[in-house]
Amino acid sequence: MNSVQLTVNSRIVKKDIEPRTSLADMMRDTLDLTGTHLGCEHGVCGACTILVDGVPTRSCITYAVACDGADITTIEGLDDDEIAGELRAAFTREHALQCGYCTPGMLVSARDLVKRLPDADEQQIRIGMSGNLCRCTGYVGIVRAVQTVITERRARDISPEPDGGRKALGPAGSGHKACVSSQRLAVDKPVAVSEPAAAVVPLEIPDFTPSTTLEQQFTVAHPPAKVFALFDDIAAVASCLPGATLVGTPRPERVEGAIRVKIGPISANFNGAARVERDEANLAGRILGIGNDQRSRSTTQGEIRYRLVPQDDGVATRVELSIGYSLTGMLAQVGRSGVVRDLAGRLVAEFAGNLDRRLSGDPTSAPTAAADLNGVSLILGLLRERATNVVRRLTGRGGSA
């Protein structure tokens, strides 16, 4: 059991709960706040949406222990809220509910839009409400209700609040708990960050079992000893990795920084930390890291294992890489394994080129821009690869006939 203290609807609550207990189950079963409804229990339907530190959160997929110290507001806590009151009246007036099961989550999400949007733009409202599903209304009345409240409030000169008044954006709990493993982490002081809106850098870098592993290799025209010496220079290696930036002075036991990857319109900026391990006897090593992307509320854990193999009587080096990662959050839902593999292949190719130039003493080897890969070219590349495989299979059948 874990002891968790929350401020729920302006009341301090301290409970002993199991680590696996979701925030929704705690609200309903432990605190009898049954206005938080459970639907899909996969974070898709939005019926369980509540506010965690002012941020609309899917409580069915949020562990309560990850929110220790957070400020929680359920639909019951919005009884006297001005915006929620106006929305309830508008929902009634515009016939925006029928069975009402989705309505608590709808009101929480709609309230956030009313606070943030500068005007009653229908497209923005539909995008903002797209995470809340309704099987009854067809959404027209819901959109109209939100539009009405926004229009009336702006007419009364009530300005929108940037980011809805949030002090921080990020995973559920807004950094009160860095829940990165099954172990409960005790946080006594807030973690210092180098930029105002940065995500909280993980306190621990745990070992993990990757859900996906990719094997890559490349050869550079430099002896293994020289390549291994460069791998000991953390800043130099980071400068060769597209989209990577470091914060502070890197140490083998802890390197803090960020890596930004952009694929067409989708971009992610993972702030995090890593540790570096080296095996000099076998010319091998491992880089193990964890990071969070604020915008998509996604978390990734990753490791890069490398081994240097002498080539051409020690004049050249084959760098063998094993890249493992686990991704959770919105990006895990939209990512496709084929695209990720293609992206990894292209990033490794770019890293190899930068590494070779760095070893050759080329001062232009340090990229500063993000790894910006066009999504269309990725898809076309996959199609070309699959077409090539089909032709090879057909050719193989023809040769054996």
Side-chain angles (χ1 to χ4, degrees), residues 180 192-194 201-210 213-261 269-291 300-325 344-371:
V180 297
V193 293
S194 61
V201 177
L203 297 179
E204 290 190 357
I205 307 166
D207 284 302
F208 76 109
T209 302
T213 302
L214 311 174
E215 305 293 336
Q216 300 279 343
Q217 65 178 27
F218 59 89
T219 301
V220 291
H222 303 277
K226 185 176 181 180
V227 178
F228 193 70
L230 178 63
F231 271 76
D232 194 32
D233 187 342
I234 299 171
V237 173
S239 73
C240 296
L241 184 63
T245 56
L246 297 184
V247 176
T249 302
R251 308 182 310 277
E253 63 274 14
R254 187 171 181 84
V255 182
E256 293 188 6
I259 184 165
R260 180 169 179 260
V261 177
N269 192 70
F270 287 96
N271 292 273
R275 72 172 187 263
V276 180
E277 303 170 356
R278 284 167 59 83
D279 180 357
E280 190 168 355
N282 295 304
L283 294 179
R286 180 172 77 143
I287 302 171
L288 183 69
I290 183 170
T300 185
Q301 287 178 274
E303 69 168 10
I304 300 176
R305 295 178 182 268
Y306 66 88
R307 187 168 73 97
L308 308 182
V309 181
Q311 300 287 295
D312 300 333
D313 297 325
V315 176
T317 303
R318 184 174 75 243
V319 182
E320 298 179 347
L321 299 176
S322 176
I323 305 168
Y325 70 92
R346 291 168 187 244
L347 285 176
V348 168
E350 201 166 333
F351 172 71
N354 291 332
L355 187 68
D356 187 54
R357 286 191 291 274
R358 184 91 187 196
L359 289 165
S360 301
D362 186 343
T364 65
S365 62
T368 56

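How far CZ of Arg305 is from CG of Leu321: 12.5 Å, rounded to the nearest 0.5 Å. To the nearest 0.5 Å, the span separating OG on Ser239 from CG on Asp233 amounts to 7.5 Å. The CD atom of Glu256 sits 11.5 Å away from the OG1 atom of Thr245 when rounded to the nearest 0.5 Å. Distance CZ/Arg254 to OG1/Thr249: 13.5 Å, rounded to 0.5 Å. For the atom pair Asp312 CG and Thr317 OG1, the distance stands at 9.5 Å (nearest 0.5 Å). Phe231 CZ to Leu283 CG: the interatomic distance, rounded to the nearest 0.5 Å, is 11.0 Å.
The minimum heavy-atom distance linking Leu246 with Ala235 is given by the pair CD1-CA, 3.7 Å. Heavy atoms only, all atoms of each residue included: Ala221 and Ala316 are closest at CA-CB, 4.1 Å. When all heavy atoms of Leu230 and Ala236 are compared, the closest pair comes out as CD1-CB, 3.5 Å. The two residues Cys240 and Asn354 come nearest to each other via the heavy atoms O-ND2, 3.0 Å. Taking each heavy atom of Asn271 and Ala258 in turn, the nearest pair found is OD1-CB, 3.7 Å.
For Ala225, there are no side-chain contact (heavy atoms from CB on, under 4.5 Å) partners two or more places apart in sequence or in a different chain. With sequence neighbours left out, the side chain to side chain donor-acceptor pair (under 3.5 Å) criterion links Arg275 to Asp207, Glu277. Applying the side chain to side chain donor-acceptor pair (under 3.5 Å) criterion to Glu320, with sequence neighbours excluded, gives Arg307, Arg318. With sequence neighbours left out, the ring-ring contact (aromatic ring centres under 6.0 Å, His included) criterion links Phe228 to no other residue.
Looking only at side-chain heavy atoms (C-beta outward), Thr213 and Ile323 stay at 4.5 Å or farther from each other. Counting only heavy atoms from C-beta outward, the side chains of Tyr306 and Arg278 approach each other to under 4.5 Å.
Residue pairs meeting the salt bridge (charged side-chain N to carboxylate O under 4.0 Å, His left out) criterion with at least one member in residues 235-251, sequence neighbours excluded, are Arg251-Glu253. Residue pairs that meet the side chain to side chain donor-acceptor pair (under 3.5 Å) test with at least one member in residues 218-231, sequence neighbours left out, are His222-Asp356, His222-Ser360.
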